[in-house]
Participant: 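This is the structure I have questions about; it appears just below.
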Amino acid sequence: MQSSMCAMETRADTYAAGLSKADGTTTVKLLESNPAPPIRGQNDWTLEVLDGSGQPVSGAKITVTPFMPDHGHGTTKPTISEIGGGKYDAAAIYMYMPGLWQVTVDVTMPTGMTTSSVKFNICVD
Ligand SMILES: [Cu+2]
């Protein structure tokens, strides 16, 4: 019998394209995961950064840090590149173990003055 650990994981977000997280006036949207929903293994995410007026933010500095809170470890570092129009590609998000991954997105605004941090809680089987 197949069992899904994630079906029981109440801490996880339900993945949907456009999943949105906010910290203060900054919003980060997970526009798309490839594959969708995210899988155990390699994932590529398209993120969008919006300011307090809902305007896309170009030229932000982004870091993406996956971490397994139950095991106290991370993984390899994703590769970030700016697409334009407030969109950013986070490639090689390598969630190599089944379970809950906290994927933290840290954003430094182009002015360098404002930093924000959001977490996407993703379970992979
Ligand atoms: Cu682990």
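Worth saying up front: this structure is predicted, and the values here are computed from it rather than measured. Counting starts at 1 for both ligands and their atoms, in listed order. Heavy-atom basis, side chains included; hydrogens, waters and symmetry copies ignored.
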Participant: For the residue pair Asp125 / Ser4, report whether a side-chain donor-acceptor contact shorter than 3.5 Å exists.
Facilitator: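 Side-chain D/A pair, Ser4 to Asp125: present.
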Participant: Asp106: which residues meet the salt bridge (charged side-chain N to carboxylate O under 4.0 Å, His left out) condition with it, sequence neighbours left out?
Facilitator: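 Asp106: no salt bridge (charged side-chain N to carboxylate O under 4.0 Å, His left out) contacts found.
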Participant: Work out how many protein N, O or S atoms lie closer to the Cu ion (ligand 1) than 2.8 Å.
Facilitator: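 Counting protein N, O and S atoms closer than 2.8 Å to the Cu ion (ligand 1) gives 4.
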Participant: Hey, are the side chains of Val49 and Thr27 touching, using non-hydrogen atoms and a 4.5 Å cut-off?
Facilitator: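 Answer no - side chains too far apart.
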Participant: Determine yes or no for a side-chain-to-main-chain donor-acceptor pair under 3.5 angstrom, with Arg40 supplying the side chain and Met97 the backbone.
Facilitator: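 Side chain of Arg40 to backbone of Met97: no pair is present.
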Participant: Mind checking salt bridge (charged side-chain N to carboxylate O under 4.0 Å, His left out) for Glu9 and listing every partner two or more places apart, or none if nothing turns up?
Facilitator: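 Scan of Glu9 (salt bridge (charged side-chain N to carboxylate O under 4.0 Å, His left out), adjacent residues dropped) gives Arg11.
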Participant: Suppose we screen for ring pair (Phe, Tyr, Trp, His ring centres under 6.0 Å). Which residues come up paired with Tyr96, at least two apart in sequence or across chains?
Facilitator: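 Tyr96 satisfies ring pair (Phe, Tyr, Trp, His ring centres under 6.0 Å) with His73, Tyr94, Trp101 only.
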